[in-house]
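Throughout, a chain's letter reflects where its sequence line sits, starting with A, and its residues are numbered from 1.
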Number of protein chains: 2
Amino acid sequence: MGDRVAKDALFDGFARITKALSSGRRSEIVDLLAQGERSVEEIASEIGQSVANTSQHLQQMLKAGLVRTRRDGNRIYYSLAGGRVLDLWAAVRDVAAEHLAELDSLAAAYLGDRSALQTISRAELVDRMRRGDVVVLDVRPEPEFRAGHIAGAVSMPLDELRRKVRGVPKDREVVAYCRGPYCVYADDAVRTLQRRGYRAARLEDGFPEWSRNGHPVENDVDSPAS
Amino acid sequence: MGDRVAKDALFDGFARITKALSSGRRSEIVDLLAQGERSVEEIASEIGQSVANTSQHLQQMLKAGLVRTRRDGNRIYYSLAGGRVLDLWAAVRDVAAEHLAELDSLAAAYLGDRSALQTISRAELVDRMRRGDVVVLDVRPEPEFRAGHIAGAVSMPLDELRRKVRGVPKDREVVAYCRGPYCVYADDAVRTLQRRGYRAARLEDGFPEWSRNGHPVENDVDSPAS
DNA sequence: GTGCTTGTCAAGTGTTCGATTGAATAGAAG
DNA sequence: CTTCTATTCAATCGAACACTTGACAAGCAC
């Protein structure tokens with residue numbers, strides 16, 4: 001049955017990929033980099049770790065081939081190595097949601113109660129945008145919007161939304177989206193809008209999934225894709 | 001930015017899935033269980049580990065929700081928890097093949113040189129089976145064939161193939177398939193057939209991928225799916 | 001050049017992991 | 001009830017891991 005040693009080595013190779021994702025902190029990094037490239041310092045502050053520690057996590061992911069780097073001045077930007085990495089991350093989330101017993105309670109603890117939030121599928125949004133009866137809000141931080149967003153969406157980061165709700169037209173339903181299925185921004189936005197009497201819904205998942213499924217995307221500056 | 005503790009806990013949850021796959025031995029187990037359920041002893045012997053050690057690996061995967069168990073007499077059968085787990089495993093393999101630098105040499109060390117092997121895509125095989133100009137051989141061990149195989153394929157485990165090559169018609173091209181892209185059985189079969197003057201090719205990937213992509217499947221006994 | 005910023009590297013510490021061994025359990029068979 | 005088989009549990013040991021701290025390197029600003 002083949003060569004045991006070689007077979008073990010091959011599967012240890014596959015395991016290097018999963019090992020690179022097998023820490024909660026590194027998972028957070030992948031989820032973050034799905035929005036676009038980030039410097040080490042930005043990543044460190046997003047995941048709440050020291051720069052040195054973050055750097056070491058990134059080195060591991062780099063060795064496994066999950067991320068790539070780009071130097072600009074004395075800053076180093078990390079980004080995902082390719083679209084397949086996103087597929088992998090989506091598969092991990094799906095399996096966790098479907099099979100990991102305690103994920104529901106973990107998600108509820110972080111996201112709060114979602115039962116009052118309307119959600120709308122990508123297909124449905126495409127349809128309704130074509131009919132022109134929705135306003136689509138990108139509620140991520142503005143730099144992420146600039147790096148790439150749903151074609152036709154308007155940038156409206158959370159803090160800005162609270163100040164400028166009045167500017168949002170009330171005659172159409174509002175759809176908010178953010179980083180992905182486990183991101184709280186769109187939830188917050190929808191709750192805020194509902195409280196002010198808007199009809200508001202949350203897009204399923206977030207921008208990376210929209211883009212990954214071949215839906216139309218715009219960006220202000222050219223940024224690396226794959 | 002939400003609750004750091006809850007966010008960390010949530011992503012540690014996702015990491016439990018990848019951790020369950022982050023050992024070469026456990027990866028081998030998933031690859032094996034993709035063919036159907038197995039007892040602990042069978043798994044242990046396939047991955048070349050002690051039963052006690054294998055049992056512990058299985059316990060870990062069970063806690064992460066990747067596998068499920070079924071008791072029959074005093075034997076316990078493990079199987080994958082669902083089709084999404086297969087998708088996840090496929091994504092891991094893809095990312096490894098695409099981004100992990102040393103995977104090529106690891107694969108070459110285990111599989112040998114594949115450059116002389118013709119391969120045929122699933123779509124092409126569907127097409128040619130419809131035209132009736134190919135013989136499809138399932139070269140996995142016979143019990144796996146019985147648990148599920150490509151509709152219209154013939155069971156021909158490797159040792160049997162060597163004894164009964166003459167029985168295989170020479171007027172049509174032969175397509176062999178086995179457990180998956182990193183399984184050596186079909187490679188062996190194709191090499192054997194080529195040596196005897198057959199036109200032979202290997203199906204891309206293997207049975208689990210065929211089934212997972214919605215292609216027609218038959219099985220002799222009813223066995224659990226999804 | 002000196003200083004400043006951004007990242008990496010190396011060493012140290014407590015924790016977790018993989019494998020081994022041997023004992024313990026659950027169910028089937030006698 | 002005893003014996004056998006299949007599996008799990010518990011204790012152990014060395015290796016690997018996550019995070020910290022402090023030193024070092026690379027690029028900019030002056």
J.: Under 4.0 Å between a side-chain nitrogen and a carboxylate oxygen: does that hold for A/R202 and A/D187?
T.: yes
J.: Consider salt bridge (Lys or Arg N to Asp or Glu O under 4.0 Å). Of A/R93, A/R212, A/R122, which one does A/D205 pass it with?
T.: A/R122
J.: Can you pull the contact range of chain B along DNA chain D, 5' to 3', using atoms under 4.0 angstrom from its heavy atoms?
T.: D/dT5 to D/dA10
J.: Check every strand shown and say whether A/Y78 touches a base, only sugar-phosphate, or nothing at a heavy-atom separation below 4.0 Å.
T.: sugar-phosphate
J.: Which distance, rounded to the nearest 0.5 Å, do you find between the CD of B/E37 and the CD of B/E42?
T.: 9.0 Å
J.: So, the side chain of B/Y177 versus the backbone of B/I150: is there a donor-acceptor pair under 3.5 Å, distance only?
T.: yes
J.: Starting at CG of A/L203, measure out to CG of A/L137 and round the result to the nearest 0.5 Å.
T.: 11.5 Å
J.: Among all residues two or more places apart in sequence or in another chain, which pass the salt bridge (charged side-chain N to carboxylate O under 4.0 Å, His left out) test with A/E41?
T.: none
J.: Starting at CG of A/L62 and ending at P of C/dT8, how long is that distance when rounded to a whole Å?
T.: 9 Å
J.: From CZ of A/R75 over to P of C/dT8, roughly how many Å is that when rounded to an integer?
T.: 13 Å
J.: Rounded to whole angstroms, how far apart are NZ on A/K63 and C1' on C/dC9?
T.: 11 Å
J.: List the protein contact pattern of nucleotides 17-30 of chain C with one symbol per nucleotide (5' to 3'): B for base contact, S for sugar-phosphate-only contact, - for none; contact means a heavy-atom distance under 4.0 Å.
T.: SSBBBB----BS--
J.: Base, sugar-phosphate alone, or nothing: which one does B/V51 contact when heavy atoms must sit under 4.0 Å apart?
T.: base
J.: When you compare the side chains of A/E102 and A/S105, does any donor N or O come within less than 3.5 Å of an acceptor on the partner?
T.: no
J.: Closer than 4.0 Å, any side-chain N/O of A/S39 to the OP1 or OP2 of C/dG7?
T.: yes
J.: Answer yes or no: is there an ion pair linking A/R4 with A/D8, defined by an N-O contact shorter than 4.0 Å?
T.: yes
